Amino acid sequence: MHIVLTAVPAGVLLTTIPDASSGGGSAPHATTTIPRAALAAEVARLERDRPRWVWGDTSAWYPELLAAGVRVERCVDLRLCHTILRGSQFTADSVLARSARGPWDSALVEPRESRVRDEDTLFTFGDELSEDVTAEPSNERANTSQNADPVTEFVSQRAAVAGAAEPGRIGLLLAAESAGALIASEMKCGGLPWHAGVHEGLLESLLGPRPAPGVRPARMEALLEQMRLALDQRDVNPDSPNELLRALGRAGIHATSTRSWELKEITHPVIAPLLEYKKLARLASANGWSWLESWVVDGRFRPDYVPGGAATGRWGASGGGALQLPKQIRAAVVADPGWKLVVADAAQLEPRILAALSADRRMAEAGRGDLYEGIVASGAVATRAEAKIAMLGAMYGATTGESGRLMPALTRAFPQAIAMVESAARAGERGEKVSTRLGRSSQVPGQAWRDIQGAAYGEGATESDTRRARGQARAWGRFTRNFIVQGTAAEWALSWMAGVRNELWKLSPGAFTERPHLVFFLHDEIIVHTPAHLADSVVKIVRESAAGAGRLLFGALPVDFPVTAVVVDNYGQAK
DNA sequence: ATGCATCGCGCG
DNA sequence: AAAGCGCGCGATGCAT
């Protein structure tokens, strides 16, 4: 049973739609209207029948339910599902995908419209998108909720899934994406436990005492003095790349940029203090005292997680750089007294995904234990380090350097897996879409991309036109090559996390934040905050759910998805 | 003052 | 000029 929530002037309209409904979107549905203030209690009451809640946007409905202590088991997030169905090759013939852009095509799917500016922009969006974007640059999200009837949209989505090339897979993807939306709201509600005192202690030991606003921390000031001596210049501003480059030049160091990896290659007494300064400057500005004040409230870090935020289906986040927490400060993530953190990550996830996606049995075999050791044992490469670099090259499309050099050997050892990514790359170079295992498809390149390709074959095309077009085509090919792997890994991770969520809920009674619950997710890694006595059970759940996710996506295919899981008091103790 | 692009670097 | 994938954010510096 589905219950659709619609915001109406009188409050909330609840529309019940039975599962058995065979097509026919015109069949009458049972409806009731309640005041908004009564919503949480009504949802809690109806939740006993385990309906699937259908709403336009989880982030608009669910936080108020959670705040009222109401957790729901499952939902359909129409906005996220619409985005998938609209782009998927599996549902390309559906009415939903073929109709004109509407209110469900939210601003979220074209967040980088402003980047559409000049001819060498790679990641512009498809024709129909960019047209509408330029035609109506105002915020479309604002009128979305008013114009769109969720019941109509839900019926349209069900029809699209029913008529899909792979209804089982696309249905699974929609369920996983929606579960992810629930988890994103729940993670924000629960919050990542953050110990301000530990964080301040780390800052103080690395940077020195907290300085007045606008003043350099003592440790950075001392390093700057060393740099002045090494350069024999009084006036050095390491915070401006331009000025720093000029100062280095005056001292005879002719770098092309001030990137750390380039500076590391240079032998000069200024380099060591400079690199250390840059490291500390980064810490101070990105995760220093002001970060702590802005983002940690009542011992919790609560960023906004953005399901489907990346083109590949990975999550994004906004606020506090949630997905970039430097390892330097992870020790400040501390479990509450009597609680533990279970930190779990999927080992070598992306290469395993590639093995499963391509059904490459030899690569699956290599992944019985440590995948990279297995690749060494297969004879393809000599060392574990080489195996890692070679696999990265295969998934990212490296053509040069050590990675590119190892590719032929890898191709000989695992022809089926490599053929899969090569084929995705070729499709991208032709400007075609590619799809993940469950049916999330890549966007097609924008008009600027096509113009450049066209120009390379038109009359009077110069050699530079051709070279540019080829370079651009290959760049898009690297994107689509990686898309199928990264995107399928994201689907696996969603399934994993959804399984973990379901099982955690069964472990103990009580309010959401009194039970073991997910507090962090980072592409292939999760953190569960749990009462200490349940930690071992959580570890078991995390492992079993990983195996379950593998079966869900790939059936009986013999690809392992091992998880490294540790029970710790703080995040710094993991890895 | 405010907006925007660029650099650089954190994460997977 | 060419480029191994996907992100978010802060500082700087130029443009409006």
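From a predicted model like this one, the values you see are computed outputs, not experimental measurements. Residue numbers start from 1 in every chain, and the chains themselves are labelled A, B, ... in the order their sequence lines are given, proteins ahead of strands.
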(Q) Walk along nucleotides 9-16 of chain C from 5' to 3' and tag each nucleotide B, S or - by protein heavy-atom contact under 4.0 Å, base first, then sugar-phosphate. (A) SSSSS---
Q | Single hit among A:Arg282, A:Arg219, A:Lys264 for salt bridge (Lys or Arg N to Asp or Glu O under 4.0 Å) with A:Glu276 | A | A:Arg219
Q: Would you kindly give the CG-to-P distance between A:Asn482 and C:dA3, to the nearest whole Å?
A: 18 Å
Q) Can you check the A:Leu325 CG to B:dG12 P distance for me, whole Å? A) 10 Å
Q: Return no unless some side-chain N or O of A:Thr258 is found under 4.0 Å from OP1 or OP2 of B:dG8.
A: yes
(Q) Output the rounded distance in Å from CD (A:Gln328) to P (B:dC9). (A) 13 Å
Q: Please confirm whether any donor atom in the side chain of A:Thr312 sits under 3.5 Å from an acceptor in the base of C:dG6, or the reverse.
A: no
Q) Reckon A:Arg259 has a side-chain N or O less than 4.0 Å from the OP1 or OP2 of B:dG8? A) yes
Q.
Using OP1 and OP2 only, check whether a side-chain N or O of A:Lys278 sits under 4.0 Å from B:dC9.
A. yes
Q) Under 4.0 angstrom, heavy atoms only, what part of the nucleic acid is A:Arg470 near: base, sugar-phosphate, or nothing? A) nothing
Q) Between C:dG6, B:dC9, B:dG12, which one does the side chain of A:Lys327 approach most closely? A) B:dG12
Q. Between the side chains of A:Tyr277 and A:Arg216, is a donor N or O closer than 3.5 angstrom to an acceptor N or O?
A. yes
Q: Quick one: the dot-bracket string of DNA chain C, using Watson-Crick and G-U wobble pairs with both distances under 3.5 Å, [ ] for crossing pairs and | for bases paired to another strand.
A: ....||||||||||||
Q: Measure the distance from CG on A:Leu323 to C1' on C:dG6 and round it to the nearest whole Å.
A: 11 Å
Q: Provide the full list of salt bridge (Lys or Arg N to Asp or Glu O under 4.0 Å) pairs with a residue in residues 474-489 of chain A, sequence neighbours left out, each pair given once.
A: A:Glu422-A:Arg481
Q. Within less than 4.0 Å of OP1 or OP2 of C:dG4, is there a side-chain N or O belonging to A:Arg478?
A. no
**Q.** Euclidean distance, atom CE of residue A:Met407 to atom P of C:dC5 [Å, nearest integer]
**A.** 14 Å
Q.
Less than 3.5 Å apart, any donor N or O on the side chain of A:Arg228 or A:Gln233 sitting next to an acceptor on the other?
A. no
Q | Pairwise P distance, B:dA5 and C:dA3 [rounded to whole Å] | A | 25 Å
Q. Any salt bridge between A:Arg426 and A:Glu429, counting N to O under 4.0 Å?
A. yes
Q: Grab the OH-P distance between A:Tyr305 and C:dG8 for me, whole Å please.
A: 14 Å
Return all side-chain donor-acceptor pairs below 3.5 angstrom for residues 200-207 of chain A, not counting sequence neighbours, or 'none' if the list is empty.
{"residue": "A:Ser205", "atom": "OG", "partner": "A:Gly201", "partner atom": "O", "Å": "3.4"}
{"residue": "A:Ser205", "atom": "OG", "partner": "A:Leu202", "partner atom": "O", "Å": "3.0"}

Q: Provide the full list of side chain to side chain donor-acceptor pair (under 3.5 Å) pairs with a residue in residues 380-406 of chain A, sequence neighbours left out, each pair given once.
A: A:Asp370-A:Arg384
Q | Whole angstrom value for the distance that separates P of B:dC7 from CH2 of A:Trp261 | A | 13 Å
Q) So A:Phe520 and A:Tyr305, would you call those rings parallel, tilted or perpendicular, with 30° and 60° as cut-offs? A) perpendicular
For residues 321-330 of chain A, run the donor-acceptor check on the side chains, cut-off 3.5 Å, and write out each pair with its distance to 0.1 Å, sequence neighbours left out.
{"residue": "A:Arg330", "atom": "NE", "partner": "A:Leu325", "partner atom": "O", "Å": "3.1"}
{"residue": "A:Arg330", "atom": "NH1", "partner": "A:Tyr571", "partner atom": "OH", "Å": "3.2"}
{"residue": "A:Arg330", "atom": "NH2", "partner": "A:Leu325", "partner atom": "O", "Å": "3.0"}

Q. Contact class for A:Ile389 (heavy atom, under 4.0 Å): base, sugar-phosphate, or nothing?
A. base
Q: Between C:dG4 and B:dC4, how far apart are the C1' atoms? Round to whole Å, please.
A: 29 Å
Q: Could you work out which one of B:dC11, C:dG4, C:dC7 sits closest to the side chain of A:Ala310?
A: C:dC7
Q) With a 4.0 Å cut-off, would you call A:Lys188 and A:Asp304 a salt bridge? A) yes
(Q) Expressed as a whole number of angstroms, how long is the span from A:Glu350:CD to B:dC11:P? (A) 17 Å
(Q) Below the 4.0 Å mark, does C:dA1 have OP1 or OP2 next to a side-chain nitrogen or oxygen of A:Arg467? (A) no
